[in-house]
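Because the structure is a prediction, the values reported are computed rather than measured. Just so it is clear, the values below take in all heavy atoms, side chains as well, and ignore hydrogens, waters and symmetry mates.
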Amino acid sequence: MTETPLRLVVFDVDGTLIDSQDFIVEAMNRAFGEMGVPLPTRAEVLAIVGLSLDQAIGRLVPAMSKADVAIAAQRYKDMFIKLRAEKGGEAAAPLYPGARAALEQLHAQDEVLLGVATGKARRGLDHAYDAHDLRHFFMTSQTADDHPSKPHPSMLHAALKETGAEAVQAVMIGDTSFDIEMGHAAGFRTIGVTWGYHPREGLLAAGADLLIEAFDELPAALAQLWGQG
């Protein structure tokens with residue numbers, strides 16, 4: 001009997017597991033408003049979700065100086081903390097339908113390890129974990145505090161090192177082109193989710209191996225990918 005290899009499934013957070021778009025858009029608008037910078041559209045803000053904060057703000061306002069980017073980033077963090085207090089914490093940003101069931105199903109498989117690779121800061125991820133009781137699912141958690149911005153593969157390289165999995169048996173799941181590009185850069189297979197912040201056309205253009213429309217499609221998608229290698 002052939003032993004099943006160790007497998008790793010890494011999830012993005014915002015736009016993939018948790019629908020935090022209202023928090024993100026409002027915090028960015030408040031930060032820019034305080035600085036007197038023209039407010040970006042909702043679509044513009046959602047397009048940069050997943051990038052590290054300085055990279056995201058730099059894309060939203062290319063003419064902004066590095067010093068002002070740093071100020072805007074700190075104001076965004078401050079506003080996000082205020083919103084968290086006003087709205088009752090990260091629990092106000094709900095899990096997407098089926099997310100918990102999918103995590104429970106994967107976590108129950110001995111050969112499958114779970115991880116997170118997110119543009120959130122560690123503090124924000126900790127709040128999300130606690131609000132939704134998610135921490136116990138994940139063996140590895142990589143955040144923007146410790147790595148270059150997506151799509152650099154540093155987060156996924158660290159996840160492989162921490163878990164002992166091999167890239168050929170690893171899958172990155174995310175809602176943005178940055179997630180897909182990061183996955184390919186690390187040698188992972190990739191699954192794009194269509195309920196998040198980037199359009200399906202962008203996910204396909206980035207090279208997503210598969211797209212899923214809902215979490216109940218995830219087991220079959222993973223089986224298909226793992227059956228290919």
Problem set entry | Criterion side-chain contact (heavy atoms from CB on, under 4.5 Å) on Gln224 and Asp209, from CA distance to verdict | CA-CA 10 Å; Gln224 182 178 340; Asp209 293 307; over 6 Å; no
Problem set entry | Atom pair CE (Met64) and CD1 (Ile57), whose distance is rounded to the nearest 0.5 Å | 7.0 Å
Exercise. Are a donor atom and an acceptor atom from the side chains of Tyr197 and Asp175 found within less than 3.5 Å of each other?
Worked result: no
For this session: State whether Asp54 and Lys66 are salt-bridged, where the test is any N-O pair (Lys NZ or Arg NE/NH1/NH2 against Asp/Glu carboxylate O) under 4.0 Å.
Result: no
Problem set entry | Asp179 and His198: CA distance, side-chain angles, deciding distance, side-chain contact (heavy atoms from CB on, under 4.5 Å) verdict | CA-CA 10 Å; Asp179 297 314; His198 281 196; over 6 Å; no
For this session: Among Ile173, Leu203, Leu222, Leu225, find the residue that satisfies the side-chain contact (heavy atoms from CB on, under 4.5 Å) test when tested with Leu210.
Result: Leu225
Problem set entry | Separation between NZ of Lys161 and CD of Gln142, rounded to the nearest 0.5 Å | 11.0 Å
Exercise. Considering only heavy atoms from C-beta outward, does the side chain of Phe178 approach that of Val49 to under 4.5 Å?
Worked result: no
Exercise. Do you know which two heavy atoms are closest between Ala128 and Leu134, and how far apart they sit?
Worked result: O-CD1, 4.4 Å
Exercise. Any side-chain donor-acceptor pair under 3.5 Å between Ser149 and Gln55?
Worked result: no
For this session: Nearest 0.5 Å please: distance from the CD atom of Glu104 over to the NE2 atom of His136.
Result: 7.0 Å
Problem set entry | Spacing of OG1 belonging to Thr118 relative to CG belonging to Asp14, to within rounding of 0.5 Å | 5.0 Å
Exercise. So do Asn29 and Pro40 actually touch side chain to side chain, heavy atoms under 4.5 Å?
Worked result: yes
For this session: Check whether any side-chain heavy atom of Arg100 sits under 4.5 Å from a side-chain heavy atom of Asp133, and report yes or no.
Result: yes
Exercise. Does any non-hydrogen side-chain atom of Gln105 lie less than 4.5 Å from one of Leu218?
Worked result: no
Seminar exercise, completed: d(Leu95 CG, Ser20 OG) to nearest 0.5 Å is 10.5 Å
Seminar exercise, completed: Residues joined to Leu113 in its hydrophobic cluster, side chain to side chain under 4.5 Å directly or through other members, sorted by chain and number, are Leu6, Leu8, Val10, Met139, Met155, Leu156, Leu160, Met172, Met182, Phe188
For this session: Answer yes or no: is there an ion pair linking Lys120 with Asp12, defined by an N-O contact shorter than 4.0 Å?
Result: no
For this session: Answer yes or no: are there more than 12 heavy-atom neighbours, outside Glu166 itself, under 6.0 Å from its atom CD?
Result: no
Exercise. Are any of the side-chain nitrogens in Glu213 or Arg200 under 4.0 Å away from the carboxylate oxygens of its partner?
Worked result: yes
Exercise. Quick one: do Val13 and Leu103 end up in the same hydrophobic cluster if we chain Ile, Leu, Val, Met, Phe, Trp and Tyr together by side-chain heavy atoms under 4.5 Å apart?
Worked result: yes
For this session: Check the hydrophobic clustering (I, L, V, M, F, W, Y; side-chain heavy atoms under 4.5 Å; chains of links allowed) and say if Val193 and Ile24 are grouped together.
Result: yes
For this session: Determine, using the 4.5 Å side-chain heavy-atom cutoff (strictly less than), whether Ile81 and Phe23 are members of one ILVMFWY cluster.
Result: no
For this session: Identify whether the distance between the nearest side-chain nitrogen and carboxylate oxygen of Glu34 and Arg30 falls below 4.0 Å.
Result: no
Problem set entry | Validation row: Val25, Leu46 side chains within 4.5 angstrom (heavy atoms) | yes
Exercise. Taking the six-membered ring for Trp, are Phe138 and Phe11 parallel (under 30°), tilted (30 to 60°) or perpendicular (over 60°)?
Worked result: perpendicular
For this session: Assign the ring pair Trp195 / Tyr96 to parallel, tilted or perpendicular, where the plane angle (0 to 90°) is split at 30° and 60°.
Result: tilted
Exercise. Nearest heavy-atom pair of Pro148 and Ser52: which atoms, and what distance?
Worked result: C-OG, 4.3 Å
For this session: Answer whether the closest heavy-atom distance between the side chains of His147 and His157 falls below 4.5 Å.
Result: no
Exercise. Do Leu125 and Val9 belong to the same hydrophobic cluster, where Ile, Leu, Val, Met, Phe, Trp and Tyr are linked whenever their side-chain heavy atoms lie under 4.5 Å apart, directly or via other members?
Worked result: yes
For this session: Measure across His184 and Gly207 and return the closest heavy-atom pair with its distance rounded to 0.1 Å.
Result: NE2-O, 2.5 Å
For this session: Measure across Ile191 and Ala221 and return the closest heavy-atom pair with its distance rounded to 0.1 Å.
Result: CD1-CB, 3.8 Å
For this session: Tell me whether Ile18 is reachable from Tyr76 by hopping between hydrophobic residues (I, L, V, M, F, W, Y) whose side-chain heavy atoms are closer than 4.5 Å.
Result: yes
Exercise. What closest approach, in Å, do Gly124 and Arg84 show between heavy atoms, and which atom pair accounts for it?
Worked result: CA-NH2, 3.9 Å
Exercise. Just how far is it from atom CG of Asp146 to atom CZ of Arg122, taken to the nearest 0.5 Å?
Worked result: 6.0 Å
Exercise. Of the non-hydrogen atoms in Ala185 and Pro151, which two are nearest, and what is the gap between them?
Worked result: CB-O, 4.2 Å
For this session: Verify the neighbour count for atom CZ of Arg59: are there more than 12 heavy atoms of other residues, nucleotides or ligands below 6.0 Å?
Result: no
